[in-house]
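What follows is one structure encoded as structure tokens, with my remarks underneath.
When a ligand or atom number is given, it counts from 1 through the structure's own listing order.
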Amino acid sequence: MKTVYLDHNATCPVFPEVVEAMLPYYGQHFGNASSVHVFGQEARRAVEDSRDKIAALLNARPEELFFTSGGTESDNLAIKGFFAANKDKGKHIITSSIEHPAVLEVCRFIEKNGYSATYLPVNSLGVINPAELERAVTKDTSIISVMYANNETGSIQPVEEMAQFAKSKNIVFHTDAVQAVGKLPIDLNKTAVDMLSASAHKFYGPKGIGFVYIRKGTKIECIQHGGHHERNIRPGTENVPGIVGMAKALEISVGAMKKDGERVLKLRDMLWEGIKAKIDHVFLNGHAEKRTNNTLNVSFQYIESESIILNLDLKGIAVSGGSACASGSAEPSHVLGAMGVDPACAQGAIRFSLGKGNSKEDIEYVLEVLPPIIKKLRAMSPIYTKSSGK
Ligand code: PLP
């Protein structure tokens, strides 16, 4: 059976060149980067070369990058580590209502521990109004954390404008850029962002490895305790193959960003145009233009996303409803909820997230398979027959 993977915001396949770059560090060069002998030295060199490479690709200084186990850990470290190191500063964080749980749950956790949090609203396109941020600041605000691009809708946030504002108020600005790194141009030397989280598996690198960028001068403390790795900020033996693979994946993604981005955008728009032409009662969730090139979130009215996902899966097509991390839960998407999408429509939302491996034939296949599935499910839906007068 033909298979079509359209769930790249959940995770991506690893580039073959990345696997190739990683393999020697499982075999021949297996050393612990903290060991003094030659095996350790080789591993250390690989770690530091990778740090240099990533820093150059993002225009950061190598010493501003700290390797972690991925996006979730980077977000935890940025926010909790900031508060741990800045006890003399205000205890208020501003974030948004559409963050990934890796930020939302950190904020809820710190709220139970003597801190306060404000969750900024978004408009119907899933975008924050920077004026809301200005209104939310109090004399106690010491950190702002707003995501770069949303994982469910792809909507891109006015991060630079908000970071500039934060800087003018002497407030530290963190962004969860897990869905942006490798897809959107990022120049850490030119931005007012102080901390940024990234995860390799979202840009065709291995799972379980990521980094957090912490601008020189931003005070941060470790949140896990152990050895002196990563300049006392993140203890634990470095994941050498993962770090090497991440650097290689970023190099390829950044190098091909423009070309791949344009190609994927064409396919995404072909999919949306095809859906609109072939299926009625559908609408786009997210910003029409200002969103990541690969993301298309569509509500199919009168039916539930779970049935669509399962039916597409039977035809070899992989998509998701809401965020990958929240899948398995029947909860409606908090992102679509914050955008004011009617809960009945939010329940029929499907996220198609395209990637480098997709072709025109893939999209044609989806456009052939999807309409009869929707038709069949709607025929079984009592709300469809009632509401649409069919
Ligand atoms: N932040 C965002 C925006 C994400 O999309 C994800 C993963 O889906 C994460 C954080 C978590 O990253 P990781 O899977 O590397 O922990």
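Residue-ligand proximity, Met147 to ligand 1, at heavy-atom distances under 4.0 Å covers atoms 3 (C). Near Asn151, the atoms of ligand 1 lying under 4.0 angstrom from a non-hydrogen atom of the residue are 3 (C), 5 (O). Of all atoms in ligand 1, listed by their number and element, those nearer than 4.0 Å to a heavy atom of His201 are 13 (P), 14 (O), 15 (O). Less than 4.0 angstrom separates some heavy atom of Gly70 from each of these atoms of ligand 1: 15 (O). Atoms of ligand 1 lying under 4.0 Å from any heavy atom of Ser199, numbered from 1 in the order shown and given with element: 13 (P), 15 (O).
Proximity annotation for atom 2 (C) of ligand 1: of Lys207, His100, Glu152, His100 comes nearest, heavy atoms only.
An N or O contact shorter than 3.5 Å links Gly71 to ligand 1 by distance.
Under the 4.5 Å side-chain heavy-atom criterion for ILVMFWY residues, a single connected hydrophobic cluster contains both Leu284 and Ile374.
No heavy atom of Glu73 sits closer than 4.0 Å to any atom of ligand 1. For Lys202, the heavy-atom gap to ligand 1 drops under 4.0 angstrom.
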- Task: Before giving the answer on side chain to side chain contact (heavy atoms under 4.5 Å, CB included), spell out for Thr11 and Tyr5 the whole-Å C-alpha distance, their side-chain angles and the decisive distance to 0.1 Å.
- Result: CA-CA 10 Å; Thr11 199; Tyr5 185 78; 3.6 Å; yes
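A donor-acceptor pair under 3.5 Å is absent between the side-chain atoms of Glu304 and the main chain of Gly348, judged by distance alone.
A salt bridge is absent between Lys167 and Asp194; no separation between the charged side-chain nitrogens and carboxylate oxygens falls under 4.0 Å.
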Please report, to 0.1 Å, the donor-acceptor pairs under 3.5 Å made by any side chain of residues 229-246, with sequence neighbours excluded.
{"unit_1": "His229", "atom_1": "ND1", "unit_2": "Gly236", "atom_2": "N", "d": "3.0"}
{"unit_1": "Glu230", "atom_1": "OE1", "unit_2": "Arg51", "atom_2": "NH1", "d": "2.9"}
{"unit_1": "Glu230", "atom_1": "OE1", "unit_2": "Phe67", "atom_2": "N", "d": "2.7"}
{"unit_1": "Glu230", "atom_1": "OE2", "unit_2": "Arg51", "atom_2": "NH2", "d": "2.9"}
{"unit_1": "Arg231", "atom_1": "NH1", "unit_2": "Glu63", "atom_2": "O", "d": "2.6"}
{"unit_1": "Arg231", "atom_1": "NH2", "unit_2": "Leu65", "atom_2": "O", "d": "2.9"}
{"unit_1": "Asn232", "atom_1": "OD1", "unit_2": "His228", "atom_2": "ND1", "d": "2.7"}
{"unit_1": "Arg234", "atom_1": "NE", "unit_2": "Glu73", "atom_2": "OE1", "d": "3.4"}
{"unit_1": "Arg234", "atom_1": "NE", "unit_2": "Glu73", "atom_2": "OE2", "d": "2.7"}
{"unit_1": "Arg234", "atom_1": "NH2", "unit_2": "Glu73", "atom_2": "OE1", "d": "2.9"}
{"unit_1": "Glu238", "atom_1": "OE2", "unit_2": "Arg44", "atom_2": "NH2", "d": "3.0"}
{"unit_1": "Asn239", "atom_1": "OD1", "unit_2": "Gly242", "atom_2": "N", "d": "2.9"}

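Residue contacts with ligand 1 for Asp176 involve side-chain atoms from C-beta outward but no N, CA, C or O (heavy atoms, distance under 4.0 Å).
Grouping Ile, Leu, Val, Met, Phe, Trp and Tyr by side-chain contacts under 4.5 Å, direct or through others, leaves Val36 on its own.
Of the residues Val172, Ile223, Ile93, the one that meets the side-chain contact (heavy atoms from CB on, under 4.5 Å) test with Ile79 is Ile93.
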